[in-house]
Undergrad: 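Input: one structure, supplied below.
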Amino acid sequence: MLERAAEQGVPAPLLQAVGISKRFGDLLANDAIDLDLWPAEIHALLGENGAGKSTLVKIIYGLIQPSAGELRWMGRPVVLDGPAQARALGVGMVFQHFSLFENLTVAENVVLGLPPTESFAAVSARLAELSRAYGLPLDPKREVWRLSVGERQRIEIVRALMQNPKLLILDEPTAVLTPQEADRLFETLERLKGEGRAILYISHKLEEVKRLCDTATILRLGRKVATCDPRRETAASLARMMVGGEIGEVKSGAGRSAAGARLIVRDLSLEPDDPHGVRLDRVSLEVRGGEILGVAGVAGNGQDELFAALSGERLVDADAIHIDHRAVGNLSVNDRRRLGAAFVPEERLGHATAPRMSLSDNALLTGHAVTDMVRHGFINRAATLASVDRTTKTFDVRKSKRDPEAVSLSGGNLQKFVVGREILREPGILVVSQPTWGVDAGAAATVRQALLDLAARGAAVLVISQDLDELEEIADRIAVMFEGRMSAPLAAAQADRETIGLLMGGSSLKPREAAHAGA
Amino acid sequence: MLVLERRGESSTAIAIASPLLAIALTLATIAVLFALLGKNPLQALAVYFLDPLTDSYALQEMAVKATPLVLIGVGLSFCYLANVWNIGAEGQFLIGALSGGWLAVATHGTGAGPWVLPAMLVLGAVGGALYALIPAICKVRFGASEILVSLMLVYVADLLLDYLVRGPWRDPQGYNFPTTAEFDPVALLPAMIEGSRLHYGALIAVVVVIVATVVLGRTIRGFEIRLVGAASKAARFSGFDADRLVVTTFVISGVLAGLAGVIEIAGPVGHLQPAFSPGYGFTAIIVAFLGRLHPVGILFAALFLALTFIGGEGAQITLKVPLDLTKVFQGLLLFYVLACDSLVLYRIRLVMPQRRTADGIA
């Protein structure tokens with residue numbers, strides 16, 4: 001370390017975290033974490049959801065104060081009372097969730113985040129110059145709602161660069177990008193590193209960390225497990241450090257025979273609910289019994305609208321959707337459930353469940369029309385509780401008591417509950433959106449295995465996911481959504497990342513052909 | 001620094017303690033108010049809250065005044081649980097009284113049979129329901145705020161009552177007082193105990209509490225109401241129609257408010273006159289929240305609020321304080337109830353900001 005410091009001509013790390021701890025109530029989110037960030041270095045912060053990455057980063061950015069420990073900036077102790085102080089020191093941050101005003105232009109959004117010392121024209125000019133210099137093309141006059149997710153992220157990066165930071169923090173920046181967009185981002189980051197800036201790169205994607213980062217610090221359950229050179233590790237060894245053990249491999253059901261189509265969507269068009277939503281444009285697909293069809297795509301390309309149309313939360317022409325050869329486009333969600341369909345929305349709290357209601361009430365939420373939970377209008381408490389017990393046992397849902405509120409479960413356990421509650425009804429058709437989003441590796445493996453097993457028993461399973469790794473693991477065929485249109489599905493075995501990535505970016509997609517090929 | 005922290009799990013103990021705390025805080029505030037008015041606070045509180053409880057007439061009167069509060073409060077709890085904001089129960093109450101009262105006025109002196117009272121009750125319920133449908137349909141069809149529409153309809157109902165009892169329905173033998181004739185015995189609710197003012201309306205209120213408890217807690221319709229209020233997107237996913245529920249809950253609360261109106265005029269009042277209601281429809285909003293939107297809680301809350309009406313009358317006589325003090329009291333109570341309810345979902349924690357260097361950036 002000392003040699004390295006001497007080499008950089010800096011006596012101490014740019015930023016040093018010493019023994020940082022943070023307690024939230026009973027939870028120790030960070031436990032005596034040490035972290036050294038050096039100039040001209042891309043440092044990965046690796047860990048599963050809930051490992052304490054976000055907490056640590058928020059402390060470094062001054063958003064929250066540590067319960068113990070201290071931060072040193074170029075060797076001197078600092079106390080950050082807020083992000084403004086962090087920015088004044090030279091820390092810039094790009095969040096996973098963007099904070100942009102959709103109806104304002106790029107330049108207006110950037111100006112809002114800056115101290116009011118520079119004229120609007122000067123900011124616009126500097127913005128254009130910066131975006132050119134770093135390969136982040138942006139038109140300052142465009143309104144944000146017209147931009148893709150990748151372009152929005154560029155705004156956030158340029159906004160951070162406007163302050164000329166010495167340390168740039170990026171929180172899961174590739175989660176919303178196509179593989180090609182990610183490549184371009186990596187080039188920009190290499191350039192920033194070449195200028196001597198330090199970059200803290202938060203991720204759980206091992207391959208990209210191996211490719212991009214010089215150093216990796218791995219967190220697990222709030223503690224630092226190791227700091228290592230990721231290029232000398234294998235993806236498996238990094239994963240072991242992250243998870244603290246081997247991850248169960250998901251086994252694909254052998255000898256799955258694809259039967260006839262059970263879910264057919266034909267020329268489904270749908271106007272969006274809200275002005276910034278996406279219009280579905282003649283979407284066609286079919287899912288056969290015994291197969292899993294994956295729908296890939298960057299978020300916000302019509303996946304929410306597709307789910308709403310499939311579930312019956314929004315009604316369409318009867319003939320646009322067929323379940324087991326019955327036209328169901330105009331049937332309610334419960335009528336579709338009665339025909340053997342089941343649905344798992346992306347949002348666990350607030351959509352799939354009522355957060356402040358008990359699990360038994362939440363079992364009733366999707367079961368009241370299709371099970372014995374209601375008789376003559378009266379709720380059969382024993383049946384709802386029995387359903388919770390069955391789901392708990394089969395899917396290993398960990399909870400504090402028999403029937404707690406949904407909100408008290410961890411993300412992974414609640415996801416096992418909402419997936420399990422549908423699968424235990426043995427649906428013939430299952431539509432599930434982002435089945436393992438924000439879920440720990442163990443729960444993700446359980447959920448994916450359950451989806452594979454359900455398909456193996458003859459069900460048609462449609463998985464909408466942003467996670468290409470997940471789709472490659474479980475899907476038989478993969479189709480891609482872009483701006484409300486659906487590509488022709490590719491057999492998963494032949495679908496290489498580049499082709500899917502291009503489709504996710506909207507190139508080489510001929511909607512007319514795709515629509516017919518899918519039908 | 002005080003920090004509000006969301007609780008992991010709603011606390012049952014605090015759910016019960018919170019309204020009691022609100023009552024205690026209200027009593028403390030009102031005691032200060034009495035002291036500022038130059039009265040002995042303890043003595044004044046005793047007049048307000050203890051004296052009525054030692055007097056059998058006042059106890060009966062408490063049940064009489066609690067009856068409309070329970071009926072309206074239970075109806076409002078259906079609305080509020082579903083996040084439907086019916087503020088116009090007072091209007092539905094008055095229209096219920098007018099609908100039922102019309103029959104009493106029309107059959108007055110005709111020697112009509114005992115069918116009059118049941119028909120009045122039905123008319124009152126229907127009238128209240130139809131009046132409640134106006135804001136419900138305006139909301140579902142045109143997106144109008146049900147808060148404003150239902151509230152403004154209160155004044156329409158109030159003026160309609162005023163017009164009718166001063167005009168077409170005025171008692172010809174009434175020396176020009178703005179009141180209808182006293183109802184015939186067939187149009188009156190019989191007393192439960194001979195010679196007392198306690199009438200069978202109180203029994204109806206108790207039955208309504210039992211039925212509402214079962215409906216809300218044990219049936220799929222009750223689940224629908226709770227779910228739409230708790231998580232509207234999840235309710236849609238569950239297959240429930242929020243618009244239909246706006247109409248349903250408005251009708252339920254309109255029926256109960258209308259029924260309360262006709263019970264009030266066929267019971268303790270016995271005729272129609274302007275301002276026969278001391279604002280039961282508004283007080284019932286406080287009752288609903290003080291009772292934590294639970295029918296049994298509402299029963300107790302209604303008895304407590306009835307006590308403030310009676311205590312207020314007593315205090316006016318013995319302490320020479322204005323009757324409006326009752327309204328101040330009820331307003332304070334709603335304020336504290338809503339404040340204390342935050343404690344159910346949040347806990348207060350004292351946080352000491354840690355400072356190692358005094359100047360921030362060292």
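Here is the naming used below: chain letters follow the sequence lines, and residue numbers restart at 1 for every chain. Both backbone and side-chain heavy atoms feed into the values below; hydrogens, waters and symmetry mates do not.
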Undergrad: Non-hydrogen atoms of chain B under 4.5 Å away: do they reach the side chain of A/Phe24, the backbone, both or neither?
TA: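 Neither; nothing under 4.5 Å.
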Undergrad: For B/Glu224 and B/Arg226, what are the C-alpha separation, side-chain angles and deciding distance, and is it a salt bridge (charged side-chain N to carboxylate O under 4.0 Å, His left out)?
TA: CA-CA 6 Å; B/Glu224 175 178 359; B/Arg226 290 185 288 126; over 6 Å; no
Undergrad: Which answer fits B/Val214, side chain, backbone, both or neither, if we ask what part of it has an atom under 4.5 Å from a heavy atom of chain A?
TA: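 Just the side chain, heavy atoms under 4.5 Å.
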Undergrad: For the interface with chain B, which of A/Arg337, A/His376, A/Met373 has the highest count of heavy-atom pairs at distances below 4.5 Å?
TA: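 Heavy-atom pair counts peak at A/Arg337.
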Undergrad: Can you tell which part of A/Asp335 gets under 4.5 Å to a heavy atom of chain B, answering side chain, backbone, both or neither?
TA: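 Answer is neither: A/Asp335 stays 4.5 Å or more from chain B.
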Undergrad: Can a side-chain donor-acceptor contact be found between A/Gln303 and A/Ser433 if the only test is distance below 3.5 angstrom?
TA: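 No donor-acceptor contact under 3.5 Å links the two side chains.
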Undergrad: Assess whether a salt bridge exists between A/Asp361 and A/Arg381, defined as any Lys/Arg side-chain N lying under 4.0 Å from an Asp/Glu carboxylate O.
TA: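 Answer for the salt bridge query: yes.
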Undergrad: Could you give the distance from OG (A/Ser387) to CG (A/Asn380), rounded to the nearest 0.5 Å?
TA: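 The OG atom of A/Ser387 sits 11.0 Å away from the CG atom of A/Asn380.
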Undergrad: Are a donor atom and an acceptor atom from the side chains of A/Asp403 and A/Ser360 found within less than 3.5 Å of each other?
TA: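 Yes, a side-chain donor-acceptor pair sits under 3.5 Å.
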Undergrad: Need one label for A/Arg375: side chain, backbone, both or neither, based on atoms under 4.5 Å from any heavy atom in chain B.
TA: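 No part of it gets close to chain B.
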Undergrad: Out of A/Ser332, A/Gly312, A/Pro345, return the one with the most heavy atom pairs under 4.5 angstrom to chain B.
TA: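 Of the options given, most contacts go to A/Pro345.
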Undergrad: Does the side chain of B/Leu333 reach to within under 4.5 Å of the side chain of B/Ile23, using non-hydrogen atoms?
TA: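 Heavy-atom side-chain distance check passes, below 4.5 Å.
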Undergrad: At a heavy-atom distance under 4.5 Å, which candidate from A/Glu347, A/His368, A/Met357 has the highest pair count against chain B?
TA: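 Winner by heavy-atom pair count: A/His368.
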Undergrad: Testing the 3.5 Å rule here: is there a donor-acceptor pair between the side chains of A/Thr353 and A/Asn362?
TA: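 No, because no side-chain N or O of A/Thr353 sits under 3.5 Å from a partner of the opposite role on A/Asn362.
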Undergrad: Does anything in residues 229-252 of chain B get under 4.5 Å of chain A by heavy atoms, and if so which residues?
TA: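 Only B/Ala230, B/Ala231, B/Lys233, B/Ala234, B/Arg236, B/Phe237, B/Ser238, B/Gly239, B/Phe240 of residues 229-252 of chain B have a heavy atom under 4.5 Å from chain A.
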Undergrad: Salt bridge or not for B/Arg292 and B/Asp341, using N-O below 4.0 Å?
TA: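 Looking at B/Arg292 and B/Asp341, the cut-off is met.
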Undergrad: To check you understand the geometry: which heavy-atom pair defines the closest contact between B/Gly254 and B/Ala132, and what is its length?
TA: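 Heavy atoms of B/Gly254 and B/Ala132 come nearest at CA-CB, 3.7 Å.
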